[in-house]
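Contents: one structure, followed by commentary.
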Number of protein chains: 2
Amino acid sequence: MAATAEPKDAATRTEQVFRRLRDDLLANRFQPNEPLRFERMRELYESGIAPLREALSRLSESGLVVQVGQKGFRAAPFSLEDLHDIVETRRKLEVLAAQDAAQNGSEQWESNLVATFHRFGKVSRSKPETVAERAVWEERHTEFHRALIAGCRSRWTQQLWSIVFDHAERYRRSAIGLGHWSENEYADHKLLFDAAINRDPERLGELLHSHIGVSAERLVMHLSPSLAGPKAF
Amino acid sequence: MAATAEPKDAATRTEQVFRRLRDDLLANRFQPNEPLRFERMRELYESGIAPLREALSRLSESGLVVQVGQKGFRAAPFSLEDLHDIVETRRKLEVLAAQDAAQNGSEQWESNLVATFHRFGKVSRSKPETVAERAVWEERHTEFHRALIAGCRSRWTQQLWSIVFDHAERYRRSAIGLGHWSENEYADHKLLFDAAINRDPERLGELLHSHIGVSAERLVMHLSPSLAGPKAF
DNA sequence: GAATGCGGGGATTTCGAAATTCTCGGGAAT
DNA sequence: ATTCCCGAGAATTTCGAAATCCCCGCATTC
């Protein structure tokens with residue numbers, strides 16, 4: 001048996017396509033509202049139509065793609081209104097979940113959070129320059145927030161949080177290259193980390209609330225120009 | 001142009017299968033954890049395999065069915081733990097959404113709520129006896145709760161609420177025939193309705209919190225015997 | 001007797017093509 | 001000039017069968 005458990009068999013082709021498609025969507029490798037035609041998808045993902053349709057169907061259920069009538073699939077559109085809603089919904093869920101984790105998280109949650117924050121810290125002390133560095137930073141950042149709420153007792157809250165966090169990440173990553181970066185990413189998250197480890201739900205809630213709010217404001221500032229058009233996309 | 005908008009073209013076969021499958025799942029016409037084999041599904045829904053797989057994929061994304069490895073699809077299992085989680089998550093979302101609706105709901109939301117409560121009232125003054133009556137009651141009940149939060153400004157909160165409410169409804173309807181019915185369904189919902197119309201978020205929140213809590217307790221009492229087994233299903 | 005390896009049967013998964021539907025430009029009628 | 005209709009091309013949707021994989025019983029071996 002290997003060191004770390006690796007359940008990622010990538011068993012079925014639908015699964016592979018689903019994961020790669022989701023990655024590409026979150027990385028904005030498709031334009032918002034761009035039609036996802038099968039001919040092109042077949043080449044891109046080296047698959048028949050059946051697995052593609054299944055993966056796209058699943059993604060349409062969580063809103064990353066939209067399926068119109070008999071007109072196929074498109075990458076989900078962007079809009080300032082949607083961004084605002086996403087952020088607010090994520091904020092409520094994450095505050096609830098994190099506070100519950102701070103109160104009821106297990107020993108194992110705590111130690112996993114320490115390890116995850118350590119990994120996040122290593123890539124957050126300086127601004128990521130290359131695309132690859134930025135991708136790693138995003139991964140670690142997501143990992144940290146997930147680890148923060150992983151101690152929450154409600155599986156469903158975590159599941160719903162994942163959905164809106166995905167959408168938030170899609171917006172966030174669309175601002176890469178627009179100079180979207182804050183100098184105190186590390187310090188901000190350190191505060192969250194400390195409040196969680198100190199089991200201080202009150203403070204953790206306040207910090208999270210403002211952290212998400214501030215990040216969102218900065219994001220809206222960067223994205224407003226491109227999203228302000230008359231039609232939402 | 002017809003009187004009321006009817007966008008239900010039932011255009012694509014996948015859509016039809018999806019809707020019917022979802023209905024059958026919510027009505028517990030499949031046993032929890034029951035394998036959903038394609039041979040049988042083909043006969044039941046008069047469809048090829050492709051639309052079935054797509055519908056099942058979408059349903060697996062929201063958790064009504066689970067897809068195992070290369071072993072196909074099953075109806076989602078039941079467990080007391082899951083029920084508890086569902087109820088708590090729904091409670092938080094619905095309280096948040098309803099309070100926002102009470103504060104910010106439009107004129108149109110208000111009038112639609114009146115109409116919906118009227119329809120609900122007509123079937124809630126006496127206990128539904130036949131299966132058909134009970135089905136109508138469930139429909140109107142869902143309609144009322146949806147209309148209550150429809151005034152909420154957050155589309156995403158409403159969307160996430162829909163997911164957990166579906167699961168809650170599945171549990172609730174599994175208790176039909178076990179004498180699961182309360183005499184004061186009408187009175188309880190009348191209080192909610194009044195608080196919403198009076199734009200009293202504080203009171204509406206409290207009422208909803210206890211309404212969902214009480215309903216859940218009664219439900220757990222009825223379902224505990226069948227769900228208490230060593231294995232979750 | 002218990003554990004291991006091997007096929008047969010059944011079920012899922014995937015493919016390639018047929019059927020259906022939509023798009024869009026050109027032409028006729030008003 | 002504008003509107004409406006129609007048909008060719010293109011794209012989606014659906015089907016039936018081939019390919020693949022899993023379960024399970026049985027024989028073999030230690």
Side-chain angles (χ1 to χ4, degrees), chain A residues 1 6-22 24-25 30-77 231 233, chain B residues 1 6-22 24-25 30-77 231 233:
Chain A
M1 205 175 293
E6 290 207 26
K8 299 204 171 186
D9 282 343
T12 175
R13 177 144 312 184
T14 298
E15 288 272 344
Q16 304 172 30
V17 174
F18 175 80
R19 277 204 276 269
R20 290 183 52 191
L21 246 170
R22 177 174 167 281
D24 290 344
L25 260 346
F30 299 107
Q31 295 293 319
N33 234 16
E34 175 181 347
L36 307 172
R37 298 234 167 75
F38 285 106
E39 200 50 33
R40 182 147 155 261
M41 299 291 115
R42 271 174 53 86
E43 299 170 7
L44 271 176
Y45 301 103
E46 293 158 311
S47 151
I49 283 180
L52 277 169
R53 289 190 64 85
E54 280 180 53
L56 287 166
S57 290
R58 286 178 56 184
L59 288 165
S60 81
E61 200 61 11
S62 62
L64 248 24
V65 311
V66 296
Q67 184 176 21
V68 245
Q70 302 240 39
K71 295 172 49 183
F73 299 84
R74 288 167 174 264
K231 295 188 176 181
F233 78 117
Chain B
M1 205 175 295
E6 291 206 25
K8 298 204 173 189
D9 282 343
T12 176
R13 176 145 314 183
T14 298
E15 288 271 343
Q16 304 172 30
V17 173
F18 176 80
R19 277 204 275 270
R20 290 184 51 193
L21 245 171
R22 179 176 166 281
D24 290 344
L25 259 347
F30 299 106
Q31 296 293 321
N33 236 12
E34 176 181 347
L36 306 174
R37 298 234 167 74
F38 286 105
E39 200 51 33
R40 180 144 157 263
M41 300 289 115
R42 271 174 53 85
E43 300 169 8
L44 270 176
Y45 300 102
E46 292 158 314
S47 150
I49 284 180
L52 278 168
R53 289 190 64 86
E54 279 181 53
L56 287 166
S57 289
R58 287 178 56 183
L59 289 164
S60 81
E61 201 60 10
S62 63
L64 248 25
V65 312
V66 295
Q67 184 178 20
V68 244
Q70 263 321 339
K71 295 171 50 182
F73 299 84
R74 289 165 173 264
K231 295 187 179 183
F233 76 116

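Every chain is numbered from 1, with letters handed out A, B, ... down the list of sequences.
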task = Please round to the nearest 0.5 Å and tell me the distance separating atom OG1 of B/T12 and atom CD of A/Q70.
result =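 The OG1 atom of B/T12 sits 5.5 Å away from the CD atom of A/Q70.
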message = Nearest 0.5 angstrom please: A/M41 CE to A/E43 CD, how far?
response =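 Reported value, rounded in 0.5 Å steps: 9.5 Å.
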Close residues, residues 42-62 of chain B, relative to DNA chain C [heavy-atom separation under 4.0 Å] =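 When residues 42-62 of chain B is checked for heavy atoms under 4.0 Å from DNA chain C, the hits, listed by number, are B/R53.
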ask   = Which residues, if any, of residues 64-73 of chain A bring a heavy atom under 4.0 Å of DNA chain C?
value =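 Output list: A/Q70, A/K71.
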Rounded interatomic separation in angstrom, taking [atom1] from [X] and [atom2] from [N]:
X	N	atom1	atom2	result
A/E39	D/dA10	CD	C1'	11 Å
A/M41	D/dT13	CE	C1'	17 Å
A/R40	D/dA10	CZ	P	18 Å

request  = Check every nucleotide of DNA chain C for an atom under 4.0 Å from a heavy-atom of chain A, then give the first and the last such nucleotide from 5' to 3'.
outcome  =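 That gives a stretch of C/dT13 to C/dT23.
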task = Measure across B/L64 and B/L25 and return the closest heavy-atom pair with its distance rounded to 0.1 Å.
result =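 Residues B/L64 and B/L25, closest heavy atoms: O-CG, 4.1 Å.
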request  = Measure across B/P32 and B/P77 and return the closest heavy-atom pair with its distance rounded to 0.1 Å.
outcome  =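 Distance-wise, the nearest heavy atoms are CB-CA, 4.1 Å.
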message = So, using side-chain hydrogen bond (donor to acceptor under 3.5 Å, both in side chains) as the criterion, who are the partners of B/E34 when residues are at least two apart?
response =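 Counting only residues at least two positions away or on another chain, B/E34 forms a side-chain hydrogen bond (donor to acceptor under 3.5 Å, both in side chains) with B/R40.
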key: Minimum side-chain heavy-atom gap B/F30-B/L21 below 4.5 Å   =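 Yes, their side chains come closer than 4.5 Å.
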inquiry  = Once salt bridge (Lys or Arg N to Asp or Glu O under 4.0 Å) is applied, what residue pairs with a partner in residues 56-77 of chain A remain, sequence neighbours excluded?
reply    =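 Every pair satisfying salt bridge (Lys or Arg N to Asp or Glu O under 4.0 Å) with a residue in residues 56-77 of chain A: A/E15-A/R58, A/R58-B/E61, A/E61-B/R58.
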Kindly list each side-chain donor-acceptor pair under 3.5 angstrom involving residues 44-56 of chain B, sequence neighbours excluded, with atom names and distances?
from	atom 1	to	atom 2	distance (Å)
B/Y45	OH	B/D24	OD2	2.7
B/R53	NE	A/E54	OE2	2.5
B/R53	NH2	A/E54	OE1	3.2
B/R53	NH2	A/E54	OE2	3.4
B/E54	OE1	A/R53	NH2	3.2
B/E54	OE1	A/S57	OG	3.4
B/E54	OE2	A/R53	NE	2.5
B/E54	OE2	A/R53	NH2	3.4

